[in-house]
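Letters go in sequence order (proteins before strands), and every chain restarts at 1.
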Amino acid sequence: MEGFFPQVVFTIFGIPVRDTVVSTWIMMAIIVGAAAVASRRWPEALEMLLDFLIDTISSVMGRSAGPYLPFLGTLTIFIAVANVIGIVPFVVSPTRDINTPIALSLIIFFSVYYFGIRAKGLWGYFKDLASPIFMLPMELISHVSRTLSLTLRLFGNVISTELIVAVVFMLVPLFAPLLLVAFSMLTGVLQAYIYTVLAATYIGAGLEANER
Amino acid sequence: MAEMESGVLITLVTILVSGVAILLGTITPAIVEGRAVLKALEGMTRQPEAANDLRTTLIIAMALLESTAIYVLLVCLILIFANPLLDRFFPGG
């Protein structure tokens with residue numbers, strides 16, 4: 001199991017940099033390059049992806065996807081590529097390190113407040129949040145706990161499928177892990193979809209006006 | 001010798017607890033997920049026009065249900081690979 005968990009590759013000004021961070025940089029270059037190539041040669045593919053994202057987000061939030069599309073779409077593409085990039089040799093998936101899901105979930109945690117305050121104003125947002133005043137602690141606890149559960153769900157799914165692949169690889173090194181690698185790619189893309197849908201649900205819940 | 005013995009005991013209990021936890025923690029979500037899929041399929045056959053909505057809701061619900069199994073798995077991983085008790089009682093061991 002040595003080398004399965006993230007390793008510190010080098011330190012920069014005393015800050016240890018893990019291999020997941022390096023593979024995030026590689027991944028960002030790949031995404032930007034692929035987008036640049038695809039926009040020139042297969043614009044239809046990008047349009048299909050955009051349509052899918054707009055459909056998903058607007059149907060989950062029940063409103064126009066416009067202001068939330070850049071954030072949630074980036075999230076989907078980042079997580080999908082991050083979960084799948086682990087099949088490239090010598091590149092580990094960034095989501096295998098728990099710090100990446102924590103960072104993403106913290107972004108969602110703050111973006112709920114950001115979009116809510118932008119839509120309803122500071123006073124209006126917190127008034128809606130605490131409309132029966134005894135529900136305020138419950139709401140705050142649920143904000144923290146769902147951030148934790150988002151983190152652990154993404155991390156646990158990625159680490160569990162990779163662990164299964166590693167165990168099967170130790171038992172039967174030839175051909176047998178291929179099926180499980182394909183399965184892990186499927187779960188990875190599905191997790192990106194689920195993560196985005198849940199983020200859209202949370203942001204949408206923060207936007208809704210409390211009727212009472 | 002006595003320290004060695006208790007270290008072995010902690011490891012043994014950890015392994016046993018991890019096995020039981022992963023067993024119970026995967027059986028329960030699996031049963032519940034199966035019931036959710038059953039109900040969703042019944043709904044889809046009864047009302048095929050609502051199939052798309054049902055599918056989205058089903059996927060989200062499955063993810064939420066499955067996260068309980070994931071929590072159990074993470075606890076087991078922590079117990080096996082980074083057991084805090086061993087570090088606490090036997091520092092450096």
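Listed here is the closest heavy atom pair of B:Ile70 and A:Ser160: CD1-OG, 4.4 Å.
Here the OG-CG distance, from B:Ser67 to A:Leu198, works out to 9.0 Å after rounding to the nearest 0.5 Å. Residue A:Ile164 holds its CD1 atom at 8.0 Å from CG of B:Leu73, rounded to the nearest 0.5 Å. The CG atom of A:Leu152 sits 12.0 Å away from the OG1 atom of B:Thr68 when rounded to the nearest 0.5 Å. For the atom pair CZ of B:Phe81 and CD1 of A:Ile159, the computed distance is 9.0 Å after rounding to the nearest 0.5 Å.
In this structure, chain B has a heavy atom under 4.5 Å from the side chain of A:Ile194, while its backbone stays farther away.
Of residues 48-66 of chain B, those residues with a non-hydrogen atom less than 4.5 Å from any non-hydrogen atom of chain A are, in numerical order, B:Thr56, B:Ile59, B:Ile60, B:Ala63, B:Leu64, B:Glu66.
Heavy-atom neighbours of A:Leu179 CG from other residues, nucleotides or ligands within 6.0 Å: at or below the threshold of 12.
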